[in-house]
Amino acid sequence: TGVAQLMSQRKTLEKSGTHDEYVEKTMDSVTSRLREKLAGEVKNLSRAFRKLDDNKSGYLTIAEMRSVLELCNVVLDEEESFQLASRYDDQLQGNLKYDNLIKDLQ
């Protein structure tokens, strides 16, 4: 139902020419869902991200981030993964700055 709702919102917003609004609304929805699912676990999530970050760059691939989230019983669909990448891949190289996600979840 969540994915169907997102797709419906996307179509409505795209028809009205407000794609940026769609992206923001979707990202807020993803962040809210993560915040709800990970309530009380943000500190542990941060530790897991840091542990997986072997070279201490502050970045993880989307696949790495998804695998950590799956360990927390949070499964992202392709749209949600894309939205995370859109917001947290500040260098546009396929790596997400996980500290920014952690800040948004607090």
Side-chain angles (χ1 to χ4, degrees):
T1 54
V3 174
Q5 186 178 22
L6 285 174
M7 294 307 290
S8 174
Q9 288 174 353
R10 179 180 186 173
K11 287 177 186 174
T12 302
L13 290 170
E14 285 178 343
K15 285 179 187 173
S16 66
T18 55
H19 182 57
D20 290 342
E21 181 182 330
Y22 160 74
V23 170
E24 266 313 300
K25 197 171 193 176
T26 304
M27 193 61 232
D28 290 344
S29 173
V30 172
T31 305
S32 294
R33 186 170 85 87
L34 289 175
R35 193 177 296 121
E36 181 182 312
K37 286 271 204 175
L38 298 168
E41 295 296 323
V42 175
K43 197 173 196 177
N44 291 333
L45 184 65
S46 180
R47 282 190 198 125
F49 286 158
R50 290 184 203 300
K51 193 169 189 170
L52 196 57
D53 181 12
D54 292 332
N55 62 0
K56 308 298 180 221
S57 66
Y59 292 87
L60 294 175
T61 66
I62 189 66
E64 291 169 328
M65 191 171 284
R66 283 178 75 172
S67 69
V68 171
L69 291 171
E70 285 174 9
L71 290 173
C72 299
N73 294 319
V74 177
V75 178
L76 300 177
D77 63 30
E78 290 303 312
E79 178 72 16
E80 292 167 324
S81 297
F82 175 77
Q83 293 304 324
L84 279 181
S86 295
R87 177 169 273 178
Y88 300 109
D89 185 0
D90 58 355
Q91 298 176 349
L92 303 176
Q93 295 182 349
N95 298 306
L96 287 68
K97 187 162 181 67
Y98 55 82
D99 279 344
N100 291 347
L101 173 61
I102 294 297
K103 286 177 192 171
D104 286 349
L105 294 177
Q106 294 176 330

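We're numbering straight along the sequence, starting at 1.
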For Glu36, which residues count as a side chain to side chain donor-acceptor pair (under 3.5 Å) partner, sequence neighbours excluded?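 None.
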Any residue meeting side chain to side chain donor-acceptor pair (under 3.5 Å) with Glu41, in chain and number order, not counting sequence neighbours: Asn44
Please tell me if the side chains of [X] and [Y] come closer than 4.5 Å, counting only heavy atoms from C-beta onward.
X	Y	answer
Gln91	Tyr59	yes
Leu69	Leu38	yes
Leu45	Cys72	yes

Can you sort out the partners of Arg33 under salt bridge (Lys or Arg N to Asp or Glu O under 4.0 Å), two or more places apart, ordered by chain and number?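 Once residues adjacent in sequence are excluded, the partners of Arg33 under the salt bridge (Lys or Arg N to Asp or Glu O under 4.0 Å) criterion are Glu80.
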Going by side-chain contact (heavy atoms from CB on, under 4.5 Å), name the residues that satisfy it together with Glu78, two or more places apart in sequence or in a different chain.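 For Glu78 the side-chain contact (heavy atoms from CB on, under 4.5 Å) partners, ignoring immediate neighbours, are Arg66.
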Table please: side-chain donor-acceptor pairs of residues 99-106 below 3.5 Å, with sequence neighbours left out.
{"from": "Asp99", "atom 1": "OD1", "to": "Arg50", "atom 2": "NH1", "distance (Å)": "3.2"}
{"from": "Asp99", "atom 1": "OD1", "to": "Arg50", "atom 2": "NH2", "distance (Å)": "3.2"}
{"from": "Asp104", "atom 1": "OD2", "to": "Tyr88", "atom 2": "OH", "distance (Å)": "2.4"}

Taking every non-hydrogen atom, the tightest pair across Val74 and Lys37: CG2-CB, 3.7 Å
Give me the atom names and distance for the closest heavy-atom approach of Ile62 to Ser81.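 So the two residues come closest at CD1-O, 3.7 Å.
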Asp89, Leu34, Thr31 screened by side chain to side chain contact (heavy atoms under 4.5 Å, CB included) with Leu84, the one that passes: Leu34
How would you list all residue pairs meeting salt bridge (Lys or Arg N to Asp or Glu O under 4.0 Å) that involve residues 53-65, not counting sequence neighbours?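 Applying salt bridge (Lys or Arg N to Asp or Glu O under 4.0 Å) to every pair that reaches into residues 53-65, excluding sequence neighbours, yields nothing.
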With no hydrogens and no angle check, is any side-chain donor or acceptor of Ser46 less than 3.5 Å from a backbone partner on Val42? no
